[in-house]
Structures are given as structure tokens and as C-alpha cells.
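Here is the structure we will look at.
Both ligands and their constituent atoms are indexed starting at 1 by order of listing. Keep in mind that this is a model prediction, so the values were computed, not measured.
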Amino acid sequence: MNEQLENLNRLPLRDDLRGLTPYGAPQLDVPILLNVNENTHGLPEHVRRAIMAEIESVVGGLNRYPDREFTRLRQSLATYLGHGLTADNIWAGNGSNEVLQQILQAFGGPGRTVMSFPPTYSMYPLLASGTGTTYVTGTRAADFSLSADSAAEQIRAQAPNLVFLCTPNNPTGTGMELDVIEAAYEAGEASNAVVVVDEAYAEFSHADNPSALQLLPGRERLIVSRTMSKAFALAGARIGYFAAAPQVSDALRLVRLPYHLSAITQATAVAALTHADSLLSNVEDIKSQRDRIVAELTGLGLKPAPSDSNFVLFGGLENPRAVWEGLLEAGVLVRDVGIDGHLRVTAGTEAETTAFLDRLRELLTA
Ligand SMILES: *Cc1c(COP(=O)(O)O)cnc(C)c1O
């Protein structure tokens with residue numbers, strides 16, 4: 001046992017946290033970072049200026065606590081999402097990870113279960129253990145898809161308190177048809193399950209992959225979660241949110257820390273949302289790089305999963321570790337998500353994507 005672990009184990013740590021490892025995607029200092037699905041296009045100059053101006057307008061009031069109800073932000077998010085949503089339908093937190101944690105604090109906890117379908121977002125089991133919620137897993141087909149019938153059957157069998165459905169799914173990039181979400185919701189009726197649809201990558205979807213937002217009317221156990229970390233290029237600002245029935249937000253008010261969204265966070269998000277159009281035009285560029293990666297990897301004889309996100313999971317690698325290292329030597333960091341024969345790459349700028357593809361071609365033909 002190493003010294004760090006020995007030191008940790010002397011502490012009166014909760015039994016259910018013993019032996020766990022924290023989230024830890026490597027943060028390395030290399031020129032081309034394509035490993036954690038960040039937006040590789042920085043904020044346009046006019047959006048930076050708008051954010052600075054909005055922050056400047058709140059700095060004078062930083063001696064006071066911020067608006068606990070983040071009313072302006074909720075209004076801006078409702079306007080951005082459309083679908084007839086109002087501020088009452090919106091909740092936000094410091095990244096959608098915090099929002100998901102608050103959902104588990106309110107609806108999960110000891111004696112309760114949250115179900116998901118791996119391979120999926122690696123934070124779900126960690127958020128579950130942090131809140132004392134039991135994580136139960138279902139299964140997908142070999143091509144990572146999940147049909148409505150299969151989802152419904154598995155949910156009925158497990159009777160979970162919560163279901164997390166990630167679409168487009170991380171790390172596979174694949175989208176999910178709305179009928180799967182409808183079936184999951186109906187199957188969850190028996191256990192009164194809260195169904196969370198994590199749409200962190202929704203803005204990168206192809207036009208024919210609709211959002212679960214349209215399923216919200218009449219479904220009070222349904223939550224559609226989003227983030228400003230990806231499409232809005234604001235991973236460093238930590239802003240995530242969801243749309244749901246107003247009573248879902250009332251439940252989260254019971255567990256959130258008071259004033260959890262700083263005035264600076266609120267100002268940043270409101271300013272960025274004012275410029276949603278220009279931020280989303282970068283999204284179009286990223287989508288075309290994503291489609292280019294899928295096409296070129298196919299040409300190289302690899303097996304990329306179809307992607308509705310800003311990244312591509314690809315299989316067919318004999319030695320993913322050697323490819324990961326070879327890319328890193330050339331200053332390109334991608335992600336080993338622990339699926340046999342696979343790696344995951346985030347779509348970069350055109351130049352970054354070219355550097356990744358050129359180096360990969362070299363490695364495969366060496
Ligand atoms: C990146 C990501 C998030 C976003 O997390 P933030 O806390 O908002 O940065 C949420 N869900 C999935 C599946 C993700 O990949």
C-alpha cells in the first residue's frame with residue numbers, strides 16, 4: 001500500500017468511500033488537448049468583452065451575497081432553450097456535475113439506487129458513491145445502442161429510484177431516440193423513478209436527433225440536464241443547468257448550499273447567453289471536424305462509433321496504449337476510456353484535427 005493511501009486510511013473516512021479512486025483525467029501541459037471534450041475554439045473576442053463588462057457591473061456588489069435565486073440567469077436559460085419553458089422550469093449549478101449531485105442528494109441517498117447503462121459517463125458512479133446512493137448498471141447492445149424495449153425491461157427489473165440516460169452518450173458519442181426515453185420514463189413509473197436525461201452534448205447533435213426537452217410537458221419525474229462547458233466554451237466558468245417541472249427545483253432548494261452560484265458565475269453565464277448565436281456558430285465548425293474525423297478514421301480501417309457529440313470513440317486498435325503514447329509524443333493528448341481496443345478523441349480546430357489525423361496515420365502505417 002502506498003504512503004498516500006495509508007495516510008488516507010488512518011482517517012475516519014466513511015466506509016463506503018474506502019478504496020475508491022477520485023475522478024482523474026490527466027491534465028498534462030501539451031499543445032493539443034483533445035482528451036476531455038472541451039470546446040477547442042476559444043471565446044470570440046466580442047464575447048470576452050461582453051463577459052468582462054457584465055462582470056465589471058457586479059464587482060462593486062461583491063461585498064453582498066449574490067441573488068440566491070439567480071433569477072436573471074434562469075430567465076436567460078429559459079429563453080435560450082425555448083420549448084415554452086419559463087424561469088420556473090430552470091435550475092443551475094456550478095457545472096452540471098454539481099446539478100447531478102444535487103439531484104442525487106434530493107432523490108437518492110442511502111437505501112436508494114440510481115441506474116445507468118455503461119459504457120457511460122464516468123462521473124455517475126462517483127456522484128452516486130459521494131451521495132451514498134447505490135449505483136446499479138444495465139447493459140447495452142454490442143454496438144453501444146440501447147433500444148426502448150431493452151431499457152424498459154431492465155428498468156422494470158431493477159426498479160431504481162433514479163435513471164441516468166446520457167444522450168449523446170459519453171464516451172461513445174452516440175445519440176438515443178426519444179422513444180427510449182419515453183419507454184424508460186414509463187417503465188420507471190412503478191418505482192416512481194426520477195429520469196435524468198444528460199444532454200451535455202445536445203448542441204453538437206445532427207439535426208435529426210431531437211432533444212428530450214420536448215418530452216417535458218406532463219412528465220414531472222423527467223429532468224433534462226445541460227451544460228455551458230461544451231457548446232458554450234465555458235468549461236472553466238462552471239455552469240450547468242436543467243429544465244424540469246418547477247417542483248423539481250423546489251426539491252433541489254432543500255439541498256443546495258445557500259448562494260451556491262457566485263455573482264461572477266451568474267454574470268458570466270448571462271453575458272455568454274446574450275451571444276448564444278455566435279458561440280453556436282463555432283459549434284457548426286466543430287461538428288464538421290467531428291464528421292471529418294469519423295470519415296477519415298473509417299478510411300484508415302478503424303471503427304469510429306457514429307457521433308452526435310464533439311468527440312469520437314474509435315475501435316479497431318491493436319495496441320491503444322502505444323497509439324495513445326505515440327500521439328502524446330507528438331503533443332496530442334487523447335483519452336483512454338478503458339474500453340478494449342478503443343480511444344476517444346475530441347474534435348479540435350481544423351489545424352488540431354489535422355495534426356491528430358496525420359500523426360495517427362503515421363503511427364498506424366509505421
Ligand atoms: C462534460 C460532461 C458534463 C458536464 O460537466 P460540467 O460539470 O457541466 O462541466 C456532464 N455530463 C457529461 C456526460 C459530460 O460529458
Between S249 and I90, the two heavy atoms sitting closest are OG-O, 3.7 Å

dist T167:OG1 -> D198:CG (nearest 0.5 Å) comes out at 9.5 Å

Distance filter under 4.0 Å, heavy atoms only, around ligand 1 gives G95, S96, N97, Y121, C166, N170, D198, A200, Y201, T227, S229, K230, R238

ask   = Are the aromatic rings of F232 and Y80 close, with centres under 6.0 Å apart?
value = yes

TODO: Decide ring pair (Phe, Tyr, Trp, His ring centres under 6.0 Å) for F311 and Y201; before the verdict, give the C-alpha distance in whole Å, the side-chain angles of both, and the deciding distance to 0.1 Å.
DONE: CA-CA 9 Å; F311 57 88; Y201 300 97; 5.0 Å; yes

Output for pair (R256 CZ, Q101 CD), nearest 0.5 Å, gives 14.5 Å

Would you please indicate yes or no on a ring centroid separation below 6.0 angstrom for H342 and W324? no

